[in-house]
There are 2 protein chains.
Amino acid sequence: MARKRITPGKIRLTEVAKLAGVSPITASRFFRNPEALSVGKRARVESAAKELGYVPNLAARALASQRTEVIGVLIPSLTNNVFADVLRGIYDALDGSRYSIQLANTRYSILQEERLLRLFLAQKPAGLIVTGINQTADSRVIMESVDCPIVQIMEIGPAPVDMMIGFSHFDAGRAAIAHLLDQGYRRIGFLGARMDPRVQRRLEGYRSAMTEAGLFDERLIVTTAVPTSMTLGGTLFADLLAKAPDIEAVFCVNDDLALGALFECKRRHMVVPDQMAIVGFNDLEFMASSVPTLTSVRTNRYEMGRNAAMMVLETLAGRRPAEPVVDLGFSVMERQSSTRRV
Amino acid sequence: MARKRITPGKIRLTEVAKLAGVSPITASRFFRNPEALSVGKRARVESAAKELGYVPNLAARALASQRTEVIGVLIPSLTNNVFADVLRGIYDALDGSRYSIQLANTRYSILQEERLLRLFLAQKPAGLIVTGINQTADSRVIMESVDCPIVQIMEIGPAPVDMMIGFSHFDAGRAAIAHLLDQGYRRIGFLGARMDPRVQRRLEGYRSAMTEAGLFDERLIVTTAVPTSMTLGGTLFADLLAKAPDIEAVFCVNDDLALGALFECKRRHMVVPDQMAIVGFNDLEFMASSVPTLTSVRTNRYEMGRNAAMMVLETLAGRRPAEPVVDLGFSVMERQSSTRRV
DNA sequence: CAACGGCTTGGTAGCGCTGTCAATATCAGT
DNA sequence: ACTGATATTGACAGCGCTACCAAGCCGTTG
């Protein structure tokens, strides 16, 4: 004999079936589709499974059925609060379903993303949720070859691999500037960190709005590839002031930078918004409770995650969403930090 | 025939072996332990795999080998920045290893935790990282029956299931109060949200230190089961002021509350620290860049996650850590918000 | 020169479950 | 009573990989 059975006491489906007096396949059906069984057998299998403390072997199930109940999620950062909200939405939507989540962190690298995508392939995921629309060509090939629902989240754009949910970062950037212009600000600076594709599109929105208003000036822009933080917000804002001392307002590419800028203003005894207006992005919870309260562009992160997961779920259930691309929009939350100049 | 082969074009290990001119088992060894092969065969298998674009089937591997390369991680919250840092540490430590992470969210419920633990069982994880030391009795039974390394993180206590890494929240709470007492503050309030077991132990530390100093007063404590947020920090602080208008300082059970309290002070035109000292907990990045800078108890969250994962890895590699319980300690970062009263 | 031991390689038989299809039981309608 | 349709159940084989053991190969040793 090539291999001796090393698991004498282990409870397999066969044991459950034996105790319940049914065939293994019937017991198997009990776990996957109980309605298909007669009431009597259903009860017998159920009590047998409970009595033996049966735990199904997922690997065997996956091998035999050629699919898993794992939904792969690719996000670029674990630290960024934005993705925490998205994740919460995903987890909430999947809660109670039989699907579980396999989370992977791309660290904002599309090469890393491609590697992780390959890794997911080996798991035959039931569905995939990936961040953004800037995948490598190879990543796209992989995604197109995987036979499972895929949702790209965080932004929308042309040519979805499968489904898509998000909003236009370009438009959102434009809207933030439109608000400031509307409030009478003219010299409006831009603060950006990380500069991932979505941030760059917000910058494009800024550039477009400013150019249109005849106010564009390269010196108003300060960016860095460094990951964002509140401390960085202060530093970048100081840099911006050095480059363009006459600015009246600043659009920060996220809320951490905005709060950092606010504190830098405090440090310099500049009054917000009288001497400096501040607008952030994402509308994290704290923006409404700072002093002064901070204007921000609200993005529907939780809903994005939740809906993305639900779109995968619906597709798996055979009810494919009518609209594969969903624009969740955004809204400029106008608060004290950017009220009209006098 | 019971089942016809439905995968005519799929690349299995057999195909790779055939192309490389070796037996399947030799090809298998290439992927698990390349050193065992002769140099020639190693190269042949490698190029064959690459040529065919072979992706191993993890389910089959798991079924045949009776184990997986998945490490289960149970944390109570995705939103809380504290766990984002822990997770980052875990992901960093596992990066480059062959292990992947299965993350599950207990939502601060030990019943949910037990359910998820059962779910993990079915996956035969290679290791387990769980938060805290307050598991249900059944959870403990499950954990003790699983044959894999387990690390309890975030705090230390008696009777580890297997390994443990964290610090004493009781001592940390005491240390925060000791610092305030040392700076001359006497009427010190306590602000707590969520009130999970670790927060309660911080409260015990507060109670112990205050009692010891002969300063304990039940009216100085304001807590809620509501999840923490900056806004809540402002609200709770207002409640505390209503109950005890004469307080001189406040110890907030986390940094969000502390920043919320700071803004509430601003709103009330109370000068920090002259009229009100504030101490937070965790020392998130923003504590050092607010105005005034905020004192906080630094906890080594990233290291906790990283070391926990490394402990699992080491155990899996057969090098069991000499010390199964690791105290990572904490440090009170003294900043402007709690400098000595005049 | 036979015996030995280390290294590499292969054969065999499953791991535990489920897809497929056939068989049987049940029931309504004529 | 018989037919056909539907609901339930079971037999069989195999999903793709690896554990176990055995065999082959080689150089070394007494």
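Fair warning: this is a prediction, and the values are worked out from it, not measured in the lab. First the proteins, then the strands, lettered A, B, ... as listed; each starts at 1.
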- Item | Non-neighbouring partners of B:Glu51 that pass salt bridge (Lys or Arg N to Asp or Glu O under 4.0 Å), sequence neighbours left out | none

- Consider the side chain of B:Asn57, meaning its heavy atoms from C-beta on, and name the nucleotide among D:dC17, C:dG16, D:dT18 that approaches it most closely. D:dC17

- Please determine if B:Arg306 and B:Asp95 form a salt bridge, counting it only when a charged side-chain N lies under 4.0 Å from a carboxylate O. no

- Message: Expressed as a whole number of angstroms, how long is the span from B:Lys10:NZ to D:dC15:C1'?
- Response: 8 Å

- In whole angstroms, how far is the P atom of D:dG10 from the NZ atom of A:Lys18? 14 Å

- Task: Decide yes or no for A:Pro324 and A:Asp162: does some side-chain heavy atom of the first lie under 4.5 Å from some side-chain heavy atom of the second?
- Result: no

- Message: How many whole angstroms separate atom CG of A:Leu63 from atom P of D:dG14?
- Response: 14 Å

- Message: Over all strands shown, is A:Arg67 touching base, sugar-phosphate only, or nothing at heavy-atom distances under 4.0 angstrom?
- Response: sugar-phosphate

- Task: Please examine the side chains of B:Ile153 and B:Val130, heavy atoms only from C-beta on, and report whether any two atoms are closer than 4.5 Å.
- Result: no

- Task: Rounded to 10°, tell me the angle between the two end axes of the helix from C:dC1-D:dG30 to C:dT30-D:dA1, each built from five pairs.
- Result: 40°

- Task: Taking only the side-chain nitrogens and oxygens of A:Arg61, find out if one of them lies under 4.0 Å from OP1 or OP2 of C:dC17.
- Result: no

- Item | Nearest-neighbour nucleotide for the B:Leu13 side chain, D:dA19, C:dT18, D:dC17 considered | D:dC17

- Could you state the atom-to-atom distance from CD1 of B:Ile11 to P of D:dC15 in whole Å? 16 Å

- Query: Does A:Arg107 CZ have over 12 foreign heavy atoms under 6.0 Å away?
  - Reply: yes

- Could you tell me whether the side chain of B:Ile101 reaches within less than 4.5 Å of the side chain of B:Val70, counting heavy atoms only? no

- Donor-acceptor side-chain pairing of B:Glu114 and B:Thr136 below 3.5 angstrom: yes

- Query: Closer than 4.0 Å, any side-chain N/O of A:Gln66 to the OP1 or OP2 of D:dG14?
  - Reply: no

Protein-nucleic acid N or O pairs under 3.5 Å, nucleotides 5-9 of chain C:
residue	atom	partner	partner atom	Å
C:dT9	OP1	B:Ser38	OG	2.6
C:dT9	OP2	B:Ser38	N	3.0

- Task: Hey, could you give me the CD1/CG distance between B:Ile11 and B:Asn57, rounded to the nearest 0.5 Å?
- Result: 12.5 Å

- Message: Please check if the number of heavy atoms outside A:Asp147 that lie under 6.0 Å from its CG is greater than 12.
- Response: no

- Query: Side chains of A:Phe120 and A:Leu74: closer than 4.5 Å at any heavy-atom pair?
  - Reply: yes

- Message: My understanding is that only residues two or more places apart in sequence, or in another chain, count here; which of them pass salt bridge (Lys or Arg N to Asp or Glu O under 4.0 Å) with B:Glu144?
- Response: B:Arg140

- Task: Report the distance from atom CD of A:Gln123 to atom C1' of D:dC17, rounded to the nearest whole Å.
- Result: 16 Å

Pick out the pairs of N or O atoms, protein on one side and nucleotides 23-28 of chain C on the other, that lie under 3.5 Å.
none

- Query: Just by distance, with hydrogens left out, do B:Ser28 and B:Arg32 show a side-chain donor and acceptor under 3.5 Å apart?
  - Reply: yes

- Query: Rounded to the Å, how far apart are A:Phe30 CZ and D:dT8 P?
  - Reply: 15 Å

- Item | Separation of D:dT18 C1' from B:Leu58 CG (nearest whole Å) | 14 Å

- Given C:dG16, C:dG19, D:dT18, the nucleotide with the shortest approach to the side chain of A:Ser65: C:dG19

- Got a sec? Which of residues 44-55 of chain A come in under 4.0 Å of DNA chain C, heavy atoms? A:Tyr54

- Under a 4.5 Å cut-off applied to non-hydrogen side-chain atoms, are A:Ser100 and B:Gln102 in contact? yes

- Query: Under 3.5 Å, is there a donor-acceptor pair linking the side chains of A:Thr106 and A:Ser109?
  - Reply: no

